[in-house]
Structure formats: structure tokens, C-alpha cells
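Quick note: numbers below take in every heavy atom, side chains included, and nothing from hydrogens, waters or symmetry partners. From a predicted model like this one, the values you see are computed outputs, not experimental measurements. A note on names: the letters A, B, ... follow the listed sequences, proteins ahead of strands, and every chain is numbered from 1.
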Amino acid sequence: MNSNELISIHVEGKPMQVPADSTGFKLFTEKNIVALRVNGELKDLSYLLADGDSVEGVALESADGLNILRHSAAHVLAQAVQTINHEAKLGIGPPIRDGFYYDFDVDRPFTPEDLKALEKEMERIIRSGQRFIRRVSSEGEAALELAGEPYKLELIGLKSGSSDVGEASVEVGVGELTIYENFDAKEGVVVWKDLCRGPHLPNTRMIGNGFALTRVAAAYWRGNELNKQLQRIYGTAWPTKEELKAHQVQLEEAAKRDHRRLGAELDLFSFPEEIGSGLAVFHPRGGIIRKVMEDYSRKRHEESGYEFVYSPHVTKANLFETSGHLEWYAEGMFPPLKLDEEIDEDGNVKRQAQDYYLKPMNCPFHCLIYKSQARSYRDLPLRMFEFGTVYRYEKSGVLHGITRARGFTQDDAHLYVARESIEVELTNVLNFVLELLRDYGLTDFYLELSTKEEGNPKFVGDNDIWVEATETLERVATNSGLQLVPDPGGAAFYGPKISVQAKDAIGRTWQMSTIQLDFNLPERFDLEYTAPDGTKQRPVMIHRALFGSIERFFGVLTEHYAGHFPPWLAPVQVVGVPVAVEFSPYLHGIATELRASGVRIQIDDSDERMQKKIRNHTMAKVPYMLIAGAEDQSQGAVSFRFRDGTQINGIPREEAVARILRDIAEKVQV
RNA sequence: GCCGACCUGGCGCAAUUGGUAGCGCAUCGCACUUGUAAUGCGAGGGUUAGGGGUUCGAGUCCCCUGGUCGGCCCCA
């Protein structure tokens with residue numbers, strides 16, 4: 001090619017003429033530009049520019065740049081693994097949030113010591129400054145080259161077919177098949193290669209020292225339980241060591257908020273081994289928080305037109321046969337209790353056993369309540385609410401403190417509504433849910449709309465009601481003004497839903513409330529009502545839970561507040577600390593007054609030194625301390641100490657009392 | 001459920017190559033009676049998750065069961 005020839009391109013939106021043999025290296029000399037975006041597609045810096053290209057630089061610290069960094073780190077990890085263990089077979093190695101992983105098929109799982117050795121080897125590779133070189137390959141050539149890599153071969157095979165490659169898209173994307181070679185310029189040889197669509201950093205040295213290997217775990221090949229488990233190594237990678245450190249500090253902060261840890265530290269709940277996995281007991285302090293949460297929820301439900309119902313924890317099988325749960329959900333249920341079987345002397349069954357099941361859901365019971373009498377359109381909407389405790393046989397590996405348990409209590413409501421009033425009812429429910437979540441201190445939300453997958457026969461109900469309901473849900477969600485994220489195909493087979501995602505204090509997203517339409521259960525239970533024109537009509541059912549489960553919500557709030565529950569929820573709201581015993585009666589006087597208004601206050605009369613008392617109650621995360629000595633008592637005042645360590649001395653006691661009562665009533669955080 | 005790691009007084013941790021269980025906090029008692037995050041002294045508390053095995057001897061090695069943690073799969 002003649003290098004005197006010029007081509008016309010756009011760089012960062014500006015037209016430019018460059019020699020025809022130019023690459024990204026020519027255009028971007030800034031050190032932090034690690035790749036290109038050419039006509040919308042990510043490319044290596046070594047990309048040879050073509051006439052008409054529109055080019056932008058990808059900075060290392062941008063989202064794309066970080067992905068490239070992390071993906072390149074994954075390659076270096078894989079090279080390190082294969083350097084140490086020649087037998088290791090490669091799975092896939094994509095970038096993920098904050099880092100990357102790579103899967104390997106190895107005889108022996110990796111140990112923490114292996115990780116240390118691998119980090120060392122990675123450092124060596126990074127320092128040796130290998131270049132990542134892209135090479136286009138035909139399927140046949142690639143298959144030959146990667147003959148020793150069965151998993152890569154499978155991916156090449158997939159690519160030629162039309163099947164979904166899922167996470168493996170980092171290896172074999174759309175377009176041509178490419179192999180990335182790690183070229184050691186000093187030695188002048190290709191030291192390693194991997195099937196990969198790229199792009200990569202120009203050089204391993206750019207990975208720098210902001211990376212770390214974090215953990216090993218098993219993962220099913222291509223995410224399928226039926227496939228072999230590979231050994232996955234997770235790592236984290238950042239542009240600088242400082243950012244790595246900051247990330248590690250953040251993880252530590254998150255760990256301090258872990259509700260399992262705080263649950264023990266603050267004496268809120270425990271999981272006694274004697275009871276069984278995933279089954280919690282709430283201690284008095286946790287019990288208070290939970291009770292306050294429930295009381296407030298109850299009050300708000302009452303005000304909003306819900307009626308309270310109760311249902312038993314066990315039921316005969318046939319209820320769940322009717323509802324269909326036994327058909328498609330038996331795996332998730334505790335096995336049945338077999339009752340009342342009678343066997344004669346010859347061992348023949350005289351009377352068949354009755355199967356009783358612990359309930360995994362409340363809705364079938366509510367349907368029976370609906371059915372207990374003939375319903376008229378005048379009864380609708382019928383809103384039934386229950387704190388219903390349910391039991392689900394979650395797989396042992398998924399249990400997680402109080403947020404994923406085998407027994408938990410849903411704040412469950414079922415609304416039976418006429419088809420024409422779905423919109424009004426949904427609007428009310430969504431507003432109610434959001435308002436209540438805000439009261440509990442979650443304020444940052446977005447909504448997810450889960451809809452039917454077109455053409456999938458598993459979805460029940462007429463298409464027109466799906467269309468109508470989905471449009472209604474969308475309208476309601478849009479009207480809320482919150483961001484709406486579509487989740488196509490995510491609907492349950494019986495109806496579409498909106499779920500409320502809430503962000504906590506450190507930015508993590510939790511799926512909280514769900515509002516779900518159900519066209520199936522009314523059908524199965526043959527629910528109907530008499531319409532104004534005298535015809536029998538089928539109601540639509542709305543399932544909705546705000547907390548999802550009280551336990552889970554409790555856990556989320558614990559982490560959100562890092563155990564610093566706002567005064568209205570705090571197990572102990574105020575502790576009085578007398579400077580010396582003689583001032584205790586004075587504080588008890590204030591306590592009596594506050595107690596009369598329902599405040600949970602304790603006076604610390606133990607014979608610890610007051611400094612120790614302050615430390616104790618600070619660590620117990622008590623919102624307020626009232627400290628009183630001679631000075632305060634003579635002035636009818638107290639010293640007001642807040643959770644963050646600040647204090648105001650000499651506050652008149654009426655003022656302190658008023659402040660506490662106001663904070664509690666207004667549910668403020670302090 | 002799968003893979004791996006782990007389980008020592010209420011909690012957090014120790015215990016060289018297997019050699020006969022310690023520390024801090026908490027608890028209890030005594031003294032101290034204190035002005036904003038740990039007063040001092042003393043005492044009690046563990047058949048090392050449970051069971052089995054190897055060994056002269058097991059917290060330490062092996063097996064089973066239970067539980068926990070990190071992932072994977074799952075979450076109607």
C-alpha cells in the first residue's frame with residue numbers, strides 16, 4: 001500500500017485526513033487510550049483505519065476501557081494457569097462487574113496457595129510486556145490450532161451453528177473468528193494464544209498492579225447444571241493500585257454491614273443449628289424492630305382498605321393440586337406429612353394416608369376465602385392481607401442469612417379486581433408500595449416490567465388480556481415517573497409483573513416489592529362474581545408483597561442502615577447515662593416521661609464508668625444518649641449525645657423530650 | 001443440589017512436625033462512684049459441631065452426618 005495515499009475519517013467527530021496505513025496508535029498518543037470505537041464497534045489500537053471510519057478513543061477508565069482491562073487480565077490469568085499447569089483446559093474468561101473470571105478444567109481444584117503463585121506468574125507476564133496481537137482465523141484453522149482445547153472447540157462449533165452462545169460471546173462474537181496471540185517481543189515468540197473476539201490492551205504491561213485474584217469457585221460449563229463443573233478463578237482489576245485498594249476497602253465496608261454479622265453483633269436473630277438450616281429465631285431486640293415494622297405496615301394497610309385474613313400453615317395436598325403448585329413446584333416444597341394411614345394385620349392399607357403440606361404460598365387460601373360466598377361486583381376490589389408464614393425447601397447452597405431462608409413471613413396481599421378496574425387498582429397499589437418503602441427509608445427506586453415472551457406456549461390466559469394488562473402495567477409504571485427497565489420474557493407464566501428495585505445506602509440494588517397480575521389462579525379456582533348486568537365474570541388477581549418477606553426486608557434494612565436503625569425502628573431508642581449514681585433518679589424521671597409516650601428508653605445504672613457506658617451504647621448503635629450530672633440536674637437540662645459522637649450540652653429536658661418524640665414520629669434518621 | 005473452604009467457652013481468635021486446650025471481650029464477684037468510646041483485682045465457663053476410625057497418644061490425620069462461608073445452578 002502506498003503510504004502517501006490519504007483516507008478521510010472522523011476522529012472524535014472531527015473530519016480528518018490520515019495516511020492510508022494509519023492505525024489507532026497514530027491517532028491517539030495519550031497513554032490512557034487503550035482501544036478504539038470504530039463506527040460503534042470496539043477495536044484494538046492496532047486496527048488499520050479504513051476510509052470513512054468514524055473513530056473515538058476508548059479511555060482505560062471508561063466503562064469499555066475497564067472491561068478491556070479486565071478481559072486482558074483474564075487472558076493473563078489463563079496464560080499463568082497454563083504456564084503452571086500444562087494440562088489445564090480453558091473455559092471462558094469474560095470481564096464482569098469490578099473484575100473478571102476465567103474457567104478451567106483441571107484435575108485438582110485451585111487452592112489459595114495456587115492463587116498466590118498465579119498472581120506471581122501474572123505479575124511476571126505483565127512485566128514482560130507481551131503484546132496482544134489479533135489474528136483472523138477460519139473455523140477450520142482455529143479448530144486445528146485449538147485441538148487441545150475441547151471447550152474452545154465446542155464454542156467454535158456453536159458459532160457455526162445458530163445456537164445462543166450466551167456468556168461465551170466474549171470468545172466468539174458475531175463476525176469473523178479471531179485468535180489473540182501474546183507476543184513476547186524480547187524473545188520474539190508467541191508465548192500463548194486464546195480464541196477471543198477482543199479487543200485487548202496493546203500490551204500486558206498496561207494491566208499494571210491494580211489487580212488481585214480473589215476467590216475460586218466451581219461453575220457449570222456454559223451455565224448448565226447438567227454440564228461438568230469447571231474451576232473458576234475470580235479476580236478484580238483496576239487502572240491503578242489506589243483504585244484497587246479503594247475497592248477492597250469498599251468490600252470491607254460492605255462486609256461490616258452484612259446483616260448476618262450485625263444480626264449476631266446487635267443480638268437481633270440467630271439460626272440455631274438445632275432448628276435446621278434456613279430457619280431463624282428473632283431475639284428480643286430483633287423482635288422489637290420486626291414488630292414495629294409489622295405494626296406500621298398493618299396500620300397502613302388498614303388505612304388503605306385492606307382486610308386482614310389468616311390461614312393455616314399446613315394443608316391437604318389437594319389445595320396445591322388445584323392451585324397447580326404441586327405440579328410445577330413440588331421440588332421447592334417441604335415433603336408431605338403422611339397422616340392417618342391405617343394398615344391391617346396383613347399389611348394391607350385399610351385407609352389411605354392423607355398428605356399434608358407446609359404452605360409455600362398464601363394465595364390458594366385467599367382464593368378459598370374469596371370462594372366462601374357468592375361475590376358481586378359490589379364486593380370488588382376485594383383486598384386480602386396476611387402476614388403469612390411460608391416454608392420453601394430452598395436448596396442448601398442458596399441459603400443466605402435471613403434474606404434467603406426456608407421459613408419466612410410474607411406481607412402478602414391478594415386483590416381480586418374486575419378487569420376494567422385493573423388500572424385504577426394497580427396505580428393505587430404502586431403508589432402505596434412506594435410510599436411505604438419510603439417510610440422505611442428506601443428512597444432510590446427504579447421499576448422493572450416483566451413481560452410475556454412472544455410465541456412461548458407456557459404462558460396461560462388469552463392473548464388480548466395479556467396485551468391489555470401489559471399495557472396497563474406499563475402505563476401505571478410510566479405514570480409513576482420512575483425509570484422503567486423492560487424485562488422481556490421475565491413474566492411468570494400466569495401474568496406480567498412490575499417489580500420495584502431499590503438502591504441501598506451503598507448503591508446496591510435489591511429487588512423489593514412485586515406487583516403481579518395473575519390470570520391463572522382465578523381460572524383454576526373457578527372464581528367469579530356477578531356483574532351489574534347479571535352475568536358471571538372472572539376477576540383478575542393481583543399478588544403483591546412490599547417487603548417480599550419480612551425477614552428479607554429486615555436484612556436489607558439492616559444492611560442499608562449498617563445497623564444504625566432510625567429512632568422509630570431502633571430496639572433501644574434512648575439510653576440515660578448518669579455521670580454518678582446520685583443523678584440516676586433525675587434521669588429516671590425523664591425516662592418515665594418518655595416511656596409514657598411509648599419511647600423505648602433505658603437508664604444505665606450498672607457500676608461501669610460512664611466512659612465505658614458511652615462506649616457500650618455507642619457500639620450497640622443506640623440513637624440517643626442523655627447524660628446528666630450536677631450541672632444538668634441543677635439547670636433542669638441534659639447533655640444530648642448523638643450516634644455520630646456529636647453532642648449538645650445543657651439542653652432543657654423538655655426540649656430533649658420534644659426532639660426525641662418528634663424524630664420518632666417523623667421517622668427521621670439521625 | 002454441585003465444587004471448594006471452614007466449624008475450638010456467649011462472641012472474636014491462639015495452640016511448633018499428632019504430645020494432653022490458651023488469650024481478649026462478654027459473664028459473675030469484690031473494690032472504685034467517676035463529665036463524654038474500654039477502672040482495677042479475682043472467679044467461673046470448653047468431653048475442640050456430632051459420630052466413627054487410625055495411633056501409645058487426635059483440636060491437629062482419615063471417613064460419615066450436621067452446620068457455616070464463597071461461588072455455580074435455582075428463586076414459582
Side-chain angles (χ1 to χ4, degrees), chain A residues 101 103 106 108-112 114 167 214-234 255 258 260-261 264-265 267 270-279 320 323-333 360-361 363 390 392-401 403-406 408 458 491-495 497 511 514 516 518 520-521 543 548-549 552 577-584 605-620 625-633 639-643 645-650:
Chain A
Y101 68 76
D103 289 342
V106 282
R108 203 161 307 173
F110 298 101
T111 64
D114 293 335
E167 278 174 309
T214 49
R215 55 176 58 108
V216 275
Y220 297 105
W221 168 238
R222 298 186 59 220
N224 188 332
E225 200 179 2
L226 303 173
N227 290 342
K228 180 167 183 177
Q229 280 195 333
L230 306 183
Q231 292 298 314
R232 175 171 295 178
I233 297 179
Y234 282 93
D258 191 313
R260 294 167 298 183
R261 173 169 167 171
E265 278 175 13
D267 193 20
S270 62
F271 288 89
E273 207 178 299
E274 293 85 337
I275 301 178
S277 234
L279 299 166
F320 291 122
S323 70
H325 287 108
L326 271 174
E327 203 179 305
W328 70 76
Y329 187 61
E331 289 283 285
M333 292 168 67
M361 295 200 135
C363 21
V390 296
R392 300 181 185 181
Y393 195 73
E394 301 284 5
K395 287 191 286 187
S396 58
V398 307
L399 298 172
H400 185 89
T403 58
R404 191 89 183 265
R406 285 184 172 161
F408 56 92
K458 78 165 187 176
F493 72 88
Y494 50 77
K497 71 174 175 192
Q511 175 172 327
T514 56
Q516 180 129 30
D518 187 346
N520 180 52
L521 279 186
H543 303 248
S549 104
R552 188 177 124 87
V577 177
V579 168
V581 278
E582 66 234 66
F583 310 114
S584 176
D605 286 323
S606 67
D607 46 6
E608 296 290 351
R609 295 171 64 215
M610 69 166 290
Q611 289 90 330
K612 182 63 180 292
K613 294 181 185 181
I614 290 170
R615 176 181 158 82
N616 286 156
H617 301 117
T618 302
M619 293 202 304
M625 272 182 251
L626 298 182
I627 300 166
E631 252 175 71
D632 302 288
Q633 185 169 341
S639 293
F640 213 143
R641 185 182 166 107
F642 301 95
R643 196 143 54 181
T646 60
Q647 65 236 355
I648 315 172
N649 294 342

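- A:Glu631 comes within 4.0 angstrom of a base, heavy atoms only.
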Notebook entry, point to check: With the sugar-phosphate defined as primed atoms, P, OP1 and OP2, and the base as all remaining atoms, what B/S/- string results for nucleotides 39-44 of chain B, 5' to 3', for protein heavy atoms under 4.0 Å?
Noted result: B-----

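- Residue contacts shown for A:Gly332 are absent, as no nucleic acid heavy atom lies under 4.0 Å away.
- Separating the C1' atom of B:G40 from that of B:C32 is a span of 8 Å, rounded to the nearest Å.
- Among the atoms of the strands shown, only primed sugar atoms or phosphate atoms (P, OP1, OP2) are found under 4.0 Å from some heavy atom of A:Tyr494.
- Counting to the nearest Å, the P atom of B:C74 and the NE2 atom of A:His400 are 18 Å from each other.
- A donor-acceptor contact under 3.5 Å is formed by the side chain of A:Ser639 with the base of B:G35.
- Within the 4.0 angstrom heavy-atom criterion, base atoms lie near A:Asp632.
- With hydrogens and angles left out, the side chain of A:Tyr220 and the base of B:G71 share no donor-acceptor pair within 3.5 Å.
- Residue A:Tyr234 places at least one side-chain N or O closer than 4.0 Å to OP1 or OP2 of B:C72.
- Under 3.5 Å, the side chain of A:Asn649 and the base of B:G35 form no donor-acceptor pair of N or O atoms.
- Between A:Phe493 and A:Trp328, the ring planes are perpendicular. Angles over 60° get that label, and only those under 30° would be called parallel.
- For RNA chain B, if you chain together Watson-Crick or G-U pairs that step i with j, i+1 with j-1 and so on, the runs of at least three with distances under 3.5 Å are B:1-7 with B:66-72, B:10-13 with B:22-25, B:27-31 with B:39-43, B:49-53 with B:61-65.
- The side-chain contact (heavy atoms from CB on, under 4.5 Å) check on A:Asp607 picks up nothing, with sequence neighbours excluded.
- Listed pair A:Arg260 / B:C69 meets the phosphate criterion, a side-chain N or O lying under 4.0 Å from OP1 or OP2.
- Taking atom P on both B:U34 and B:G50, the two are 48 Å apart, rounded to the nearest angstrom.
- One atom, NZ of A:Lys395, and another, P of B:C3, lie 13 Å apart when rounded to the nearest Å.
- A 4.5 Å side-chain heavy-atom check between A:His543 and A:Leu521 finds at least one atom pair inside the cut-off.
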